[in-house]
Amino acid sequence: MQSRDLEGLEGKSVTLTGWIDSFRQLGKITFVIMGDPEGNYQAVAREEMARKIVQVPRQSYIKIWGPVARGQGKASPFEVRIEGFEVINSADTVLPIDPASKVNSELTTRVNNRPLDLRVPEERAVFLTRAKAMQIIREFLTGSGFVEVDTPKIIATASEGGAELFKFDYFGRPAYLAQSPQLYKEELVLSLGKVFEIAHYFRAEKSNTVKHLNEFTSVDIEAAMAMRDDAMKLIEGLVREMYRGLEVNYAMPERFPVYTYEDIVNHAGLKFGDDLSSEVLNDFGRGKGYYFIVDWPISLKPFYTMPKGDALSESFDLMYGGLEIASGGQRIHQHEMLYSRLKASGLDPESFSEHLKAYRWGMPPHSGWGMGLDRLLMVLMNRENIREVVLYPRDSRHLAP
RNA sequence: GCCCUGGUAGUAUAGAGGCCCAGUAUGCGGCGCUGUCACCGCCGUGACCCGGGUUCAAAUCCCGGCCAGGGCGCCA
């Protein structure tokens with residue numbers, strides 16, 4: 001309930017439930033700032049009622065009743081004149097954070113007390129935006145002919161090599177938590193054509209940065225008969241749609257600039273084949289918004305990446321400044337080529353036999369990408385730390401809450 | 001894995017060897033105030049991460065531990 005929602009109820013008596021955000025006591029009149037999932041609104045108690053209600057601990061969940069009247073509040077043209085109240089469940093008087101936000105707690109303290117933290121409308125807004133973002137993504141991709149799929153997160157073999165995976169015991173056999181849906185989404189292209197998945201993935205890397213988590217959310221797509229440029233157009237369109245749908249002001253360029261890997265290597269004075277470090281990307285990306293880096297050396301990309309000429313690949317990364325938001329490109333669809341790329345990447349084709357099967361059944365050419373949703377949201381909401389846009393972040397130091 | 005920084009009331013902070021049995025804000029308890037809007041004023045409450053050491057004297061310096069934040073690497 002927000003003050004403006006009370007407008008149509010002027011003169012009527014209402015009964016509302018919610019929590020007490022704060023009190024402003026002025027002698028015989030007390031203003032009670034009430035909160036509920038929709039927002040904050042003002043209620044007023046006088047005389048005896050005022051004396052009684054201020055004894056209820058802040059953040060307690062209560063029921064109030066009384067008529068709605070026009071008020072003089074700056075942010076609350078309408079208010080509830082409290083005729084009675086009932087404490088449904090009281091809160092501790094010592095709270096680990098201050099939901100009235102008179103003192104701002106640190107991110108760690110807030111995350112450790114997330115449910116209470118989210119009683120702050122501004123903090124709740126982050127996750128309402130996140131929810132809406134996911135809705136926009138689903139609508140955009142579904143509207144573009146993609147089918148939403150669910151692939152397993154418990155897997156038997158490493159999907160791409162590279163990142164460390166979490167290993168665990170699966171009824172006596174070794175199993176891993178999925179690092180990406182890469183192999184499954186490519187297999188599904190065979191019959192579904194265009195697929196997408198929004199899910200959590202896991203990396204067992206002991207990263208200690210503001211942009212890495214051990215459990216993160218990825219938006220993945222894969223599309224039959226799409227070329228790399230089609231995949232790039234799609235993600236650019238999706239990013240634009242998200243800014244539009246979420247009403248985030250941002251000076252979006254006509255088109256996202258495209259740089260080649262070689263441009264950056266030359267700019268940084270590196271040699272072909274060197275990976276681009278955070279330092280190089282931060283330097284190159286300084287002052288830049290969204291842009292693409294294309295034509296990476298095949299040696300720096302996973303085995304399923306389609307080669308371009310001898311040394312390059314049909315790949316791209318979507319960047320924001322120095323931060324990698326997504327990566328993708330065209331994939332290999334020919335069995336023989338995939339087999340030899342596996343070997344060239346130092347992987348054992350035998351352990352990918354389940355996956356390779358699909359490439360003998362008429363696999364169409366295809367392209368796709370995987371996008372770090374948390375990272376995009378971080379940029380979109382102008383947050384410094386990925387943990388700010390994840391409800392219960394998992395990093396190497398935090399397994400709880 | 002490497003490196004840097006930091007742990008002071010519930011929360012957020014001041015503090016750089018004696019001015020500190022630790023100051024401020026907010027919270028909490030109390031008193032006053034009839035329209036606030038971070039209401040205000042007054043009183044009270046509550047803290048130096050743990051263990052050693054140096055020193056006449058340690059929140060402050062040194063060593064170790066634990067915990068946390070961040071950078072690099074890895075990676076999305």
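Proteins come first, then strands; the chains are lettered A, B, ... in the order of their sequence lines, and each starts at number 1. Because the structure is a prediction, the values reported are computed rather than measured.
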Exercise for the section: Between B:G65 and B:G1, how far apart are the P atoms? Round to whole Å, please. Expected result: 15 Å
Fill in the blank from the handout: The Watson-Crick or G-U wobble partner of B:C21, with both key distances under 3.5 Å, is none
Practice task
Confirm from the modelled atom types if A:Ser207 and B:C75 form a donor-acceptor pair under 3.5 Å, side chain to base only.
Solution key: no
Practice task
For B:C74, take OP1 and OP2 only and decide whether either is under 4.0 Å from a side-chain N or O of A:Arg203.
Solution key: no
Exercise for the section: Mind checking A:Arg58 for me? I need base, sugar-phosphate or nothing, with any heavy atom below 4.0 Å counting as a touch. Expected result: sugar-phosphate
Problem - Aromatic contact, A:Tyr41 with A:Phe78 (centres under 6.0 Å) - result: no
Protein-nucleic acid N or O pairs under 3.5 Å, nucleotides 35-38 of chain B:
unit_1	atom_1	unit_2	atom_2	d
B:G35	O2'	A:Gln72	OE1	2.8
B:G35	N7	A:Arg46	NH2	3.1
B:G35	O6	A:Arg46	NH2	2.4
B:G35	O6	A:Arg81	NH2	3.3
B:G35	N1	A:Glu79	OE2	2.7
B:G35	N2	A:Gln72	N	3.2
B:G35	N2	A:Glu79	OE1	2.6
B:G35	N2	A:Glu79	OE2	3.2
B:U36	O2	A:Arg24	NE	2.8
B:U36	N3	A:Gln42	OE1	3.0
B:U36	N3	A:Gln42	NE2	3.4
B:U36	O4	A:Gln42	NE2	2.8
B:U36	O4	A:Gly73	N	3.1
B:C37	O4'	A:Arg24	NE	3.3
B:C37	O2	A:Lys74	N	3.3
B:C37	N3	A:Lys74	N	2.8
B:C37	N4	A:Gln72	O	2.8

Problem - Separation of the P atoms in B:U5 and B:A9, to the nearest angstrom - result: 23 Å
Practice task
Check every strand shown and say whether A:Leu323 touches a base, only sugar-phosphate, or nothing at a heavy-atom separation below 4.0 Å.
Solution key: nothing
Handout entry: Complementary nucleotide of B:C2, counting Watson-Crick and G-U pairs under 3.5 Å
Key = B:G71
Practice task
May I ask you to check whether over 12 heavy atoms, not counting those of A:Asn382, lie within 6.0 Å of atom CG?
Solution key: no
Fill in the blank from the handout: Among B:A68, B:U11, B:G70, the one nearest any side-chain atom of A:His398 is B:A68
Exercise for the section: Map A:Thr109 and A:Glu47 onto RNA chain B by nearest heavy atom, then report which one ends up closer to the 5' terminus. Expected result: A:Thr109
Exercise for the section: For A:Glu106, report the nucleic acid contact type (base, sugar-phosphate, nothing); a contact means any heavy atom under 4.0 Å. Expected result: sugar-phosphate
Practice task
For nucleotides B:G23 and B:U55, find the distance between their P atoms and express it as a whole number of Å.
Solution key: 30 Å
Problem - Heavy-atom neighbours of A:Glu262 CD exceed 12 at 6.0 Å - result: no
Handout entry: Whole-angstrom distance between B:C2 and B:C61, as gauged at atom P
Key = 26 Å
Handout entry: Within residues 89-99 of chain A, residues whose heavy atoms come under 4.0 Å of RNA chain B
Key = A:Thr93, A:Val94, A:Leu95, A:Pro96, A:Asp98
Practice task
With P as the reference atom in both, quote the distance from B:C49 to B:A12 in angstrom, rounded to an integer.
Solution key: 15 Å
Problem - Pair assignment for B:G44, Watson-Crick or G-U wobble, requiring both distances under 3.5 Å - result: B:C28
Practice task
May I have the distance from A:Glu205 (atom CD) to B:C2 (atom P), rounded to whole angstrom?
Solution key: 16 Å
Practice task
Report the nucleotide, chosen from B:G69, B:A76, B:C75, that has the shortest atom-to-atom distance to any side-chain atom of A:Ile386.
Solution key: B:A76
Practice task
Step through it carefully: locate the ring centre of A:Tyr320, locate the ring centre of A:Tyr290, and say whether they are under 6.0 Å apart.
Solution key: yes
Practice task
Would you tell me whether A:Thr108 and A:Arg397 have side-chain atoms, one donor and one acceptor, within less than 3.5 Å of each other?
Solution key: no
Practice task
Would you indicate what A:Ser277 reaches in the nucleic acid, counting non-hydrogen atoms under 4.0 angstrom: base, sugar-phosphate, or nothing?
Solution key: sugar-phosphate
Handout entry: Length of the line joining A:Phe316:CZ and B:A76:C1', which is rounded to integer Å
Key = 13 Å
Exercise for the section: Indicate yes or no: at least one non-hydrogen side-chain atom of A:Lys185 is less than 4.5 angstrom from one of A:Glu197. Expected result: no
Exercise for the section: Mind checking A:Asn282 for me? I need base, sugar-phosphate or nothing, with any heavy atom below 4.0 Å counting as a touch. Expected result: sugar-phosphate
Handout entry: side-chain contact (heavy atoms from CB on, under 4.5 Å) between A:Glu314 and A:Thr305, worked out
Key = CA-CA 7 Å; A:Glu314 294 284 355; A:Thr305 309; 5.7 Å; no
Practice task
Under the side-chain contact (heavy atoms from CB on, under 4.5 Å) rule, what do A:Ile293 and A:Met319 come out as? Steps first, then yes or no, please.
Solution key: CA-CA 7 Å; A:Ile293 302 175; A:Met319 308 290 297; 3.7 Å; yes
Practice task
Please state the C1' separation for the pair B:A25 and B:G64 - nearest whole angstrom.
Solution key: 36 Å
Problem - Euclidean distance for C1', B:A59 against B:A76 (whole angstrom) - result: 43 Å
Problem - A:Glu48 bridged to A:Arg51 by N-O distance under 4.0 Å - result: yes
Fill in the blank from the handout: For B:G35, the nucleotide meeting Watson-Crick or G-U wobble distances (both under 3.5 Å) is none
Practice task
Indicate, with a heavy-atom threshold strictly under 4.0 Å, whether A:Asn385 touches base, sugar-phosphate, or nothing.
Solution key: sugar-phosphate
Problem - A:His212, nearest nucleotide to its side chain (from B:G69, B:A76, B:U11) - result: B:A76
Problem - Side-chain N or O of A:Ser278 closer than 4.0 Å to phosphate OP1/OP2 of B:G71 - result: no
Practice task
Could you check whether A:Gly27 gets within reach of a base, just the sugar-phosphate, or nothing at all, counting any heavy atom under 4.0 Å?
Solution key: base
Practice task
Evaluate the side-chain proximity of A:Ile20 to A:Met34: yes if any heavy-atom separation is below 4.5 Å, no if none is.
Solution key: yes
Exercise for the section: If B:G64 has a Watson-Crick or G-U wobble mate with both distances under 3.5 Å, name it; if not, just say none. Expected result: B:C50
Handout entry: Approximate separation, where rounding is to 0.5 Å, of A:Leu234 CG and A:Lys194 NZ
Key = 7.5 Å
Practice task
In whole angstrom, give me the gap between the C1' atoms of B:G10 and B:G53.
Solution key: 33 Å
Exercise for the section: Give a yes-or-no answer on whether the side chains of A:Lys153 and A:Thr151 include a donor-acceptor pair shorter than 3.5 Å. Expected result: yes
